[in-house]
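Each chain gets a letter, A, B and so on, in the order its sequence line appears, and its residues count up from 1.
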Number of protein chains: 2
Amino acid sequence: MTSTPPRRKRATVHDVAREAGVSRGTISRLLTGEGYVSAEAREAIEAAIRKVGYVPSTTARNLVRQRTNAVGFVVHEPHSLFLEDPNIGEILLGANEALSEDDYQMVCLVIGSDRDSERVARYLRGGFVDGAVVVSARAHDPITAVMRTSQLPVAFVGHPPDLQGQSWVGIDNLASAQEITARLLATGRRRVGMIAAALDRDSGADRLAGFTRALGDRFDPALVAPVDLYSYSEGAAAMSALLERAPDLDGVFAASDALAAGALDALRRAGRRVPEDVGLVGFDDSAWARRCTPQLSTVVQPAAGLGRAAARSVLAQIAGDQTEPAAILLDTPIAWRASA
Amino acid sequence: MTSTPPRRKRATVHDVAREAGVSRGTISRLLTGEGYVSAEAREAIEAAIRKVGYVPSTTARNLVRQRTNAVGFVVHEPHSLFLEDPNIGEILLGANEALSEDDYQMVCLVIGSDRDSERVARYLRGGFVDGAVVVSARAHDPITAVMRTSQLPVAFVGHPPDLQGQSWVGIDNLASAQEITARLLATGRRRVGMIAAALDRDSGADRLAGFTRALGDRFDPALVAPVDLYSYSEGAAAMSALLERAPDLDGVFAASDALAAGALDALRRAGRRVPEDVGLVGFDDSAWARRCTPQLSTVVQPAAGLGRAAARSVLAQIAGDQTEPAAILLDTPIAWRASA
DNA sequence: TTGTATGCGTTATCAA
DNA sequence: TTGATAACGCATACAA
């Protein structure tokens with residue numbers, strides 16, 4: 001035995017053909033399931049395949065078929081958003097499920113830097129995939145432009161503001177924020193604040209708008225604490241700041257459950273009881289919501305459903321069934337628990 | 001405007017050649033940076049490329065070059081492990097970073113079903129990637145066998161028991177579990193239990209072994225509560241069960257921070273103070289650890305480092321720099337905080 | 001039912 | 001410095 005393994009060259013149809021004593025065409029027909037292959041030919045081929053250890057080259061097949069049966073799942077990851085956002089994992093699983101049903105391979109591409117961004121763009125346009133699901137894109141992300149100019153079927157989860165003529169799926173952030181705020185007000189709270197986040201994305205801006213609308217005349221801009229990310233620590237910090245500015249606060253709408261969880265701890269540290277002194281509601285119904293004590297009242301975001309819907313849209317576009325760009329809105333029930 | 005967009009066929013080198021009035025060879029040399037192309041040729045080509053909207057076909061390029069400059073990142077996802085395990089995200093990011101530095105594209109493939117498993121196997125063996133990082137594989141996962149028979153460069157994060165002749169990176173679960181248990185004992189605890197998880201993986205089994213070894217004669221099997229997943233809810237349930245069996249418990253080692261967080265809540269509900277009545281330590285130093293009150297004392301798992309090391313190993317194998325299978329162990333310092 | 005020939009869009013080799 | 005031409009490994013239309 002030499003120390004370097006022989007690293008055999010991979011076997012090709014050619015090798016199988018020679019071994020089985022048939023032509024390459026016959027083999028191809030067998031593998032693609034086109035039919036028209038005799039029982040004896042089939043057996044000879046199958047034996048030969050095992051013997052030479054043949055595995056079809058997807059690359060070559062893709063080239064001639066002009067499609068890959070793969071769909072990209074592109075996730076932007078500005079500052080570990082990928083880790084903090086509990087929705088992305090669910091969206092990914094939902095998309096994978098839908099693609100898997102049609103025997104499409106999901107390839108997840110994460111963009112963590114400008115360099116990644118360019119490489120992913122090359123990958124997408126280079127014919128590696130037949131379409132893409134893009135999640136958590138922000139305004140002016142280069143990938144948005146790439147998807148516009150390339151002819152690739154695409155569906156966005158959430159819609160970056162500069163979207164045009166492309167499909168997206170999402171929820172009605174404004175309406176659901178308005179609804180849960182109204183519900184919080186209905187418990188008798190008089191001084192209600194909000195921890196807003198990611199105002200440069202539609203989700204963030206719309207949730208704030210919904211909050212504002214629900215409050216109407218009672219809206220007080222001083223009771224809004226804007227932060228960058230939907231994270232636990234930002235929630236705690238914002239809550240402390242809010243309490244400092246308005247000690248008489250008796251209700252809070254946090255733009256995500258992670259923020260709410262942070263806020264909850266900050267409230268506890270400040271000696272406020274929830275829900276007795278302060279009513280608290282969140283958004284997402286992520287794992288956070290049930291983990292908190294008391295459990296959070298929150299807007300249920302159908303994350304897996306979003307992934308599925310986006311994937312299905314891409315598949316429909318690939319199949320030619322969906323030629324017009326579509327906007328799909330999914331329902332967002334409210335889970336009313338103990339925090340308000 | 002018709003309702004169906006014209007969906008132009010993509011331009012090829014051929015088109016560019018005709019437009020620029022040069023041969024395909026010259027274009028190829030320009031694009032691949034081989035040199036030997038005159039200034040005027042370059043300009044003509046660049047103009048032509050813009051005009052016809054040419055984008056090189058990665059598929060065709062891969063076929064002739066016999067490599068893709070892509071590396072797979074395979075993650076098994078039995079029952080939403082992907083969502084619960086905070087390490088995977090970090091590992092992924094670390095791997096992506098290392099691959100990105102060498103201008104390799106990371107493609108993340110998630111296996112959520114048997115069907116996925118087969119498709120991913122095809123994808124991997126079909127020449128779609130030059131190598132793969134495999135994370136959280138269990139014993140007898142089909143993918144492990146696939147990686148063995150295919151000649152693909154691979155590095156596992158953690159090592160499934162039936163690994164042979166393949167590289168892996170990990171931590172010394174046994175030693176670090178032993179160390180933190182000893183440290184817990186050093187605080188004067190006399191009745192120390194453990195919440196063990198995922199005993200069918202090396203990580204889970206080794207952590208239990210380390211715990212056992214640290215306790216020596218004092219080890220009492222009745223104080224071990226085994227669960228399936230490293231999850232918050234399993235931790236809470238296991239802690240309750242443990243308290244029922246052994247009310248005099250004064251110390252707990254949870255096999256992960258998520259478990260510890262669940263245990264913490266269960267302890268609190270049972271009226272036990274941490275760390276006064278019960279000392280609690282975890283494992284991972286994930287976001288959970290700092291989020292708990294009190295913050296968890298825990299073993300620091302270098303998740304991003306694991307991803308980087310695995311990716312580097314694969315890159316080295318692709319480059320031919322690493323011909324022998326290697327086992328790489330990373331350090332695991334202990335973060336001693338307030339929970340014990 | 002099978003074999004043959006051509007094409008998929010590149011890169012690489014060699015003359016020119 | 002450039003241009004023809006042969007791979008790369010497979011699918012497929014067509015002839016047998």
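- Among the protein residues, B:T12 comes within range of the sugar-phosphate backbone only, with heavy atoms under 4.0 Å from sugar or phosphate atoms but none that close to a base.
- In summary, of the residues considered (A:R50, A:K51, A:R24), a salt bridge (Lys or Arg N to Asp or Glu O under 4.0 Å) with A:E19 occurs for A:K51 alone.
- Map B:A60 and B:E40 each onto its nearest nucleotide of DNA chain D; the residue landing nearer the 5' end is B:E40.
- To the nearest 0.5 Å, atoms CG (B:L31) and OH (B:Y54) are separated by 5.5 Å.
- The CZ atom of B:F128 sits 16 Å away from the P atom of D:dG9 (whole-angstrom rounding).
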Between the protein and nucleotides 3-7 of chain C, list every N/O to N/O distance that falls short of 3.5 Å.
unit_1	atom_1	unit_2	atom_2	d
C:dG3	OP2	A:S23	N	2.9
C:dG3	OP2	A:S23	OG	3.3
C:dG3	OP2	A:T26	OG1	2.7
C:dG3	O6	A:R29	NH1	3.1

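- One atom, CZ of B:R65, and another, P of C:dT13, lie 12 Å apart when rounded to the nearest Å.
- Rounded to whole Å, the distance from CG on A:L30 to P on C:dT1 is 13 Å.
- Of the candidates C:dG9, C:dT10, D:dT2, C:dT10 carries the atom nearest the B:V13 side chain, counting heavy atoms from C-beta on.
- Among the atoms of the strands shown, only primed sugar atoms or phosphate atoms (P, OP1, OP2) are found under 4.0 Å from some heavy atom of A:T32.
- A:T58 and B:R122 share no side-chain donor-acceptor pair at under 3.5 Å.
- Screening A:N96, A:V129, A:V154, A:I318 for a side chain to side chain contact (heavy atoms under 4.5 Å, CB included) with A:V71, the sole residue that qualifies is A:I318.
- Set against D:dC8, C:dT11, D:dT2, the side chain of B:S38 has D:dT2 as its closest nucleotide.
- With distances taken from any side-chain atom of B:Q66 to the nucleotides D:dA11, C:dG9, D:dG9, the minimum falls on D:dG9.
- There is a side-chain donor-acceptor pair under 3.5 Å between B:R29 and B:T26.
- The OH atom of A:Y36 sits 19 Å away from the P atom of D:dA16 (whole-angstrom rounding).
- Side-chain contact between A:Q317 and A:S313 is present, with at least one heavy-atom pair separated by less than 4.5 Å.
- Residue A:R125 contributes atom CZ, which lies 16 Å from atom P of C:dG9 at whole-angstrom precision.
- Here A:S57 does not reach the OP1 or OP2 of D:dG9: none of its side-chain N or O atoms lies under 4.0 Å away.
- Note: CG (B:L63) to P (C:dT10) measures 12 Å, nearest angstrom.
- In this structure, B:F128 CZ and B:T59 OG1 are separated by 7.0 Å, a value rounded to the nearest 0.5 Å.
- For the pair B:N62 CG and D:dC10 C1', the interatomic distance rounds to 15 Å; values are reported in whole Å.
- A straight line from CG of A:L31 to C1' of D:dT12 spans 14 Å, rounded to a whole angstrom.
- Residue contacts shown for A:V16 are absent, as no nucleic acid heavy atom lies under 4.0 Å away.
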